[in-house]
Structures are given as C-alpha cells and as structure tokens.
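Worksheet: the structure to be examined is printed underneath.
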Amino acid sequence: MAADAEEEQVLLVSSLRQWDSWKQLQREEVALFSTFAVLFVTMVFFYVGKVLKRKVSNTILLVGLSDAGKTTLFYQLRDGSAHQGSVTSMEPNDDEFILHSESTKKVKIKPVHIVDVPGHARLRPKLDDFLPKTCGLVFVVDALDFMPHLRSAAEYLYEVLTKTVVARKKIPVLLACNKMDKITAHSTDFIRKQLEKEINKLRLTRSAISSADVTSEISLGVEGEPFKFSQCVNQVSTAEMSALNGQVEEVERFIREQVKP
Amino acid sequence: MLEQLLIFTRGGLLLWTWQELANSLKRSLVNVLIRSWLLEERAGDSCFQYADAAVAAAYTLKWRFHNQLGLVFVAVYQKLLHLLYVDELLENVMREFCLVYSPRQTNFPDFDDTFRQLLKEAEANSKRKGVAQQNPRKGLEGKRHVMRFEGKGVKSAGKESNEKTSSGGDDEADGEADSKGKTFRNGDGGKNANGSHLSGSSSYNDDNDSLMSRNSHETAFDVSRLQLRNSKGHGKKGTTPLDAQNSSSKEDVGKKKAKKNRVWGDAPPPSKLDFTQPRYEAVQGEPNVAVVADQGLSLMDKDEEDEDDFQVDLEEYNFTAKGDDEKKVPTKMGWLSSLVQSVAGKAALEKVDLEPGLKVLRDQLMTKNVAADVAAKLCDSIAASLLGKKQGSFTRISSTVQAAMEGALLRILTPKCSVDILHDIHQAKEQGRPYVIVFVGVNGVGKSTNLAKVAYWLVQHDVSVMMAACDTFRSGAVEQLRTHARRLQIPIFDKGYEKDPAMVAKEAIHEALRSKQDVLLVDTAGRMQDNEPLMRALSKLINMNEPDMVLFVGEALVGNNGVDQLTKFNQKLADLSTTANLRLIDGILLTKFDTIDDKVGAALSMVYVSGVPVMFVGCGQTYTDLKKLNVKSLVKSLLV
C-alpha cells in the first residue's frame, strides 16, 4: 500500500513535472503564438482601414494657369475673405477644413481637403502627387484675360483630361470661370466653346506624337467629330464665380456634391 | 528710401505689406521676381534688378526666406539708391515677424509699429556708419571693396546674422561689433563698414558702374540689361553697328574679289572653282543619290520607358570636411548619438550642416559635365531654400539635400512653355504663312545634320518642308543640304556662295510663301560667339526675317564653354536687335547625345543659363536619330 502510495506519489510528481515542463513549453509557444496573432490582427486592421479609406476620399484640387485666381479661391473657401491679396504661389496650399459658408451650420459636416496646385509651368509635375486621391477637380480660368492665354489654358486642360488617373477614376471636372464681376469678362459659354475648339486642334496634333513623359495615353473625344466636353468619360461642367468678391456658391455646390457629408 | 516691403507665404498669400508712398502696390513686380528668378533656382543670388521701360523706373529687389515657417520677405527700392541697410533690415524684420506669426493668422495690424521702429533704427545706423568713417578710400582699392561688398559681403552678412537671430542680436553688420565680444566677425564687419561708407560717399557714381558690371557678372544673364535695351536711349546705338557692318561686308567682298588663285607647281590654274548652280532647284534626280524611302519612325515618336523612382545613397560619399575648412563639421559621431538624433530630429538646419552634402552634390554635378558656376549657383539656391528648416525625425540631412536637389533639377528642366512644334506649325498654317526655324550655333556642332533630321521628322507628319541654304561661307554646305533635300524629296532654296545670308533668307521666305510650304528650315554658318562681325550678321538675319523659332544648336560634349556660348549669343541678339520685339533664342537642340554616356550635364547648364527648353536631342547620324528630352531620366543620370 505504501509502495503503491509511493508509486502514485512518484507518478504524480513526474506527471506534475511533465505538466510543468509542458506548461512552460506551452507558455513559450503561447507567447509566440500570441505575438503572431497580435501582429496579424493589426495588419488586418490596417489593410481593412486602407481599403475602407480608399473608397472615401475628400480631396478637391484647384488647378489652372498662373494668375487665374486659385489661391484667392482657396482662401475664400476657407476663411470667407481673400485677405490682402496674393502673389504667384511657389508651393501648393494644402488644408482640410469645413467650407466657410457652412461653418455656421449646426450639423456635423465632413471637412473637405482642398489643395491649390501652383499654376506656374515649372511646378506642373506637382499635380501628379495629388491626383491619385482626388475626388473632384476645379479648373479655374481667368475670364477677363482669356484670349491671350487660350492656348496655354487649352493645353493644360488637355493635359489634365488625358491623364490616366483622371480617365480611369472618372474624376469630375468643373470649369470655373473666374473674375466674372468685371464687365469685360467673357461669358462661360464663349470660354467653353473656345476651349473645345482649341482642344480639338490639340488632339489632332498630339495624337501624332507621344510625349516623353508618357502621361497622356488617352485620346479624347470621338474620332471624326469635333471635340465636345460631353464626349469625355468624366463629367465636365461649367460655373461662374468671382473669387475676389466671394461669389463662389457654384463652386461650393460642386464641392459638396463630390464630398458627401 | 525703401519703397515697399512685402511678407508672403510660399503658397502665395500676402501676409503684410508696407508702402512708402501711397501708389499702387507693385505686386506685378513681385510676381516677375518669383516667376523669372526664384522659380528659376536663382534664389541664392543677392538681389534682382528690374527695369520697367514703360514706367521708366528701375528697381532692386532683395529677399529672404524663412524656410521653417515657409515665409518670404521681399524689399523693393529704387535701383539708383544703394540702400545698405536693407539686408540688416530684412533680417530684423524676419526675426520680429517670426515672433508674431502663427500659421492660421492672416492679419498683422500691430506689426506696422514694430516695422516703423526697425526702419528708423536701420536708417539711423546706416547714417551713423556713413558719418563715422570719413576716410575717403577712392580709387582702385575702393572699387575692390565695393565689389566684395555687393557680391559676397551681402551674402555673408545675411547668413551670419541668420545664425545669430536666435541670440537676439542687434545690428549685425555693425562695425563696432568688437565691443560686444563677437570677434570673429570683425574682418567682415570692417569690410562691410568700409563698403557701406563708400556707397554713401560722393564718389558713388563710379562705384555705381562697377556695381552694375559686377551684378551683371554675378548673374549669367542679366534680365535688366535686356529691358534696358528696349528704351529709346539705345535705339540709336542699334543703327550704327548695322551701317558699320554693311560697309565692312562690302569691303570684304571687294577684298575677296581681288584674291588670286594660288598656283601649285607647273599645272595651269583651273579656270572655274565655283561649281554651284545658282538657281532655285526643285527635286532633280541624280542617278547616284538614293532617295530615302522610309527609314522608320523617328525616335521622336517612340515612347521612352519611364523608370521607377530612384534613391541616391549619399552615404557612399565621404562627408568629412577638408582640413582647411574652419567650420565645425561632425565627422564621426558615435552610432548611438546619430541614432538618437535621427529619431529625435535635428534642430534647424545650419549652413555647416548643409555644407558637406552640398559639396558632395556639387562635385557630383561637375563630374557629370555641368558647368562649374551653374553647379555652384544651384547649390546656393538649394542652401537658401533649406536654411533654418527643421528636420523631421528619421530623416538624414543627405536625404533632405538630395530631395531638394531633385526637386530643383526637375523644376529647371520642365519647360516654361509648351514645346509642341506641330501645334505651332498648324497655327501658322492657318494664318497662311510658313513657319520659319533658324538654326544657329558655333562651328561644327551639327546644324546641317540635325536640320535634315528635323526635316525628316516633319515630313513623316505630313508637313511640307523647305530648306534654305543660308550658310554661304563653308565650302560644300550648299551641296550638303542639296543632297539631303534630294534624299528626302523636299525643295531647297539656295543662292550659292558668298551672298548675304540675310537676303537669301528673305528671298527663301518669299519663295516658301509663294509655293505654300508649311515650314522653312534655315541653315546658317557656324560662328564663334566672340566674333563680333559674324554675330552682327546673324543678328541682322534674325531681325530682318523675324523667324518663328530661333533654335540654338549645341553639342552635349561642350563643357563650361557651352554656358559662354549661349550667354554671348543671347546677349548679341539682344544688343543688336533694332525692332521692338526682342528676339532671343527660343529653343535648344542638343546634339551628339550618343557620344556622352551619362555625362549629361551640358543640357542642365544650357537650360539653366538661357531659360529655354530643349526641343530636340540628336543622338546619332541617321535620319531617325532625333528624340525628345526625357526630363526624369536626365535627372536620374545626373544624380546617380
């Protein structure tokens, strides 16, 4: 009996020991497994977060030639005033805010991320940095000093419309004609027609050569027909505004349409 | 008297302005400064001079950057007044404004009083300095002092006081600085004091000229001289060189007619030496000249693969400074401290920190055949844009510098206006006139060869081309072009040798207009940039015929001389232009690109100096070897 008891004791001890060592091993394994599990879960969260975020972008780009009034428009949208004026931008103005006109509303609105890309030709490559996350594009045109810059404006607009990102994601474009408060400013219709004519000419010459930057791979419009903005895959609309005087309602409406609250 | 002082963000919003007189804000001036100077990567220069011919006023603009907050401070004053307190005033204003500034604030009404105080102080100090040193140091020595002051002293005062702003320093350029114990600036302070006195003294009209010349030597191409030429005062000057050149050309022709044939040995001298057929030729078949059917697509029309982003590893380069460099340079840091620094992020970047990285980049650019002063100016401009910037954590200085250099190079090489020639040609066609392109350049760069390549490319795009042989000097030039014309089956206009190229070009344009050609390619004789009569002849050709594009042909093998060529060509064209429109070089054609492996720096020097884009690149000797410049791959080859 005593022998049995001893045997049992020994067995118990040995099994305890076994269990101890096994527990230790398990503890190590558990630690290892738990680390991996945590890592995996974190990665899953990030990935899911990214995927979800990708679907909802709230970036609007303001592009156009130098002196069109993009910086003024930016500050109108943000602060409701053009402050003391502006000079040629050397860097993009990038900010996320609630539109000034809507800041009085009590409802919780989603802030809009607006980027004012410099219009100077040398800083054009900066546009490519912001395009992937854009959900809408405002192309600002100077309606007052329009004809001398018609060609450069048409070339810039053509460049924008033929970028693969714009065509693939069907980013809507708003042609905002600025400085409409002046009497000698051209009408929106005139500007639209002139731009269509110029782009038509451009696509005939550009289809023959390819630029070394390989950005314009899309051909615009329908072959054989004169170009019209309605032929673009993405939606191109027009609007009037005066950034200096604060008449930017049409632009704000466009922004609100793109960035769902 | 200071006319204006403006403070604005790099994004373009004006934060605060001050005007001496109540006239309109010269915002267009600032825009010109930004577009033509700061965005051209010339921010390292000391000042910018602008002459407005319409208003008959000339201004000097000086600027300072505050890179951490992204602010720019610009002071405008009349060029004739050499205000010396402007630099220290800008420094003081920068210091005071940064205490008041906060990112969301856009209105600074209280700063007016602060500024008025600073202005009074600065003016008082400069007057005091002017009165204190009464020793007139005129003559050669004086001029040397002045030159040093304008060129380097200004910059050094600026940079040193930049370092001392945090210590709340007083007048940095004060000659009596030794009383405050800042001995190391005595040397500079002394120079500055002398220089400032000289400009304030009565003999400053002489110094004015030396300053002007110094300034024009500072910049590779002084825009102010350009605009001055437009004013009426120089109109008369333009006519006399033309008369002189006309008479000299007559003399030359007379001299050549008097030349006798050389007699070699006993053989009778050949009766006829000139074998050209002096008449307008359409396509004539000579049996032994094969017509080029189609050699395939010109490389202009072939896509180039875009390469991925690249990373230059500046760690490979040795960052230790040389022994004679008196600035402290951290040569070897323990790995732990460097780790801590890289995590915590360094404090504001100082010149000493940027110096090694910039030196490495400068040497790197020079080994890639970029002209020495262009590389130096680029590095200065990058230093100006990085000084005082706070680095984020986990960034090395080398990567910051390299990113800045990449950005700068991309900005310079991106063309300011479109390089779409076909569009221009179509526009000219609509107006019913031929599009005239003139090829200019020094001897032996490949004008005639590349002219033929351009003609081939245009013919492939269904554009009717005509050549004009205005190289009436070099033996065989007309025959060369005639052979190309026969092979490409396009008409050629020539008048043989020893005719006035300007008249030949004029008649060629008439002929092209009459036969309704779309494009006229004009070949000119090669000439050295220092050859005054030949440059005058070229200027006469361009002014008389007003081509749509003046293409400067330069070879990619050229070194520092390329900068000289372009500047002198531009200068001569500007000086001798009589018409209201200033015709300068409109584009660059870079040739012999296949002979340089990766030493592509000549493209950068030429574009930096002239500001015009590279339209074509010639990379071989067959008709298809013409392509467009790929900016990204060029930047990559420069920095790798």
Side-chain angles (χ1 to χ4, degrees), chain A residues 65-67 69-72 74-75 78-95 97 115-126 128-129 149-152 154-156 158-159 198-199 201-217, chain B residues 6 8-17 25 27-28 30-35 38-41 70 72 74 104 106-107 298 300-306 385 407 410-427 430 457 460-462 627-633:
Chain A
L65 291 179
S66 252
D67 245 2
K70 303 179 289 297
T71 310
T72 319
F74 179 83
Y75 283 102
R78 191 182 87 168
D79 303 326
S81 94
H83 304 295
Q84 296 172 45
S86 62
V87 291
T88 309
S89 314
M90 291 195 276
E91 273 179 11
N93 283 318
D94 186 350
D95 208 357
F97 50 84
V115 180
D116 158 32
V117 180
H120 197 259
R122 294 211 189 247
L123 300 170
R124 284 273 159 94
K126 286 217 196 272
D128 298 323
D129 299 334
H149 303 297
L150 167 63
R151 197 174 137 198
S152 347
E155 274 174 12
Y156 196 8
Y158 180 86
E159 231 182 85
E198 274 295 318
I199 293 185
K201 269 190 253 169
L202 269 174
R203 85 190 160 106
L204 293 172
T205 54
R206 288 279 175 103
S207 58
I209 32 167
S210 52
S211 67
D213 289 321
V214 201
T215 44
S216 56
E217 297 171 7
Chain B
L6 300 111
F8 53 93
T9 64
R10 283 187 81 102
L13 183 72
L14 268 179
L15 291 174
W16 183 84
T17 59
L25 200 61
R27 208 170 303 161
S28 53
V30 179
N31 279 337
V32 171
L33 169 73
I34 296 177
R35 283 180 208 171
L38 299 178
L39 280 176
E40 303 277 326
E41 299 305 316
V72 187
V74 176
R104 281 280 172 157
T106 50
N107 220 5
S298 183
M300 287 281 283
D301 303 328
K302 290 206 184 122
D303 281 345
E304 282 210 19
E305 276 105 40
D306 234 349
S385 72
L410 270 171
R411 263 200 302 271
I412 296 175
L413 290 168
T414 311
K416 233 184 329 197
C417 41
S418 86
V419 292
D420 196 355
I421 299 191
L422 287 179
H423 188 74
D424 291 332
I425 293 174
H426 278 264
Q427 217 168 32
E430 275 171 23
W457 174 66
Q460 288 224 308
H461 286 285
D462 299 325
K627 58 181 180 172
K628 281 203 162 105
L629 187 70
N630 188 338
V631 174
K632 292 206 174 80
S633 74

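Chain A is the first sequence line, chain B the second, and so forth, proteins listed ahead of strands; every chain is numbered from 1. Basis for what follows: all heavy atoms, side chains included, without hydrogens, waters or symmetry-related copies. None of these values were measured; they are calculated from a predicted model.
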Taking A:K70 for the side chain and A:L65 for the main chain, is one N or O donor matched with an acceptor at less than 3.5 Å? yes
Can you list the residues that meet the side-chain hydrogen bond (donor to acceptor under 3.5 Å, both in side chains) rule with A:H149, with sequence neighbours excluded?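 Expected list: A:D145.
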Residues passing the side-chain hydrogen bond (donor to acceptor under 3.5 Å, both in side chains) test with A:D129, sequence neighbours excluded, are none
Please classify the contact between B:H423 and chain A as side chain, backbone, both or neither, with a heavy-atom cut-off of under 4.5 Å.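 Interface part for B:H423: both.
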Can you say whether B:L15 sits under 4.5 Å from chain A via the side chain, the backbone, both, or neither, judging by heavy atoms? backbone
When you check the gap from the basic side-chain N to the acidic O, do A:K201 and B:E430 get nearer than 4.0 Å? yes
Is A:D94 salt-bridged to A:K126, cutoff N-O under 4.0 Å?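 No, this pair does not count.
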Which bit of [X] is near chain B, if near means a heavy-atom gap under 4.5 Å: side chain, backbone, both or neither?
X	answer
A:R124	neither
A:T71	side chain
A:D95	side chain

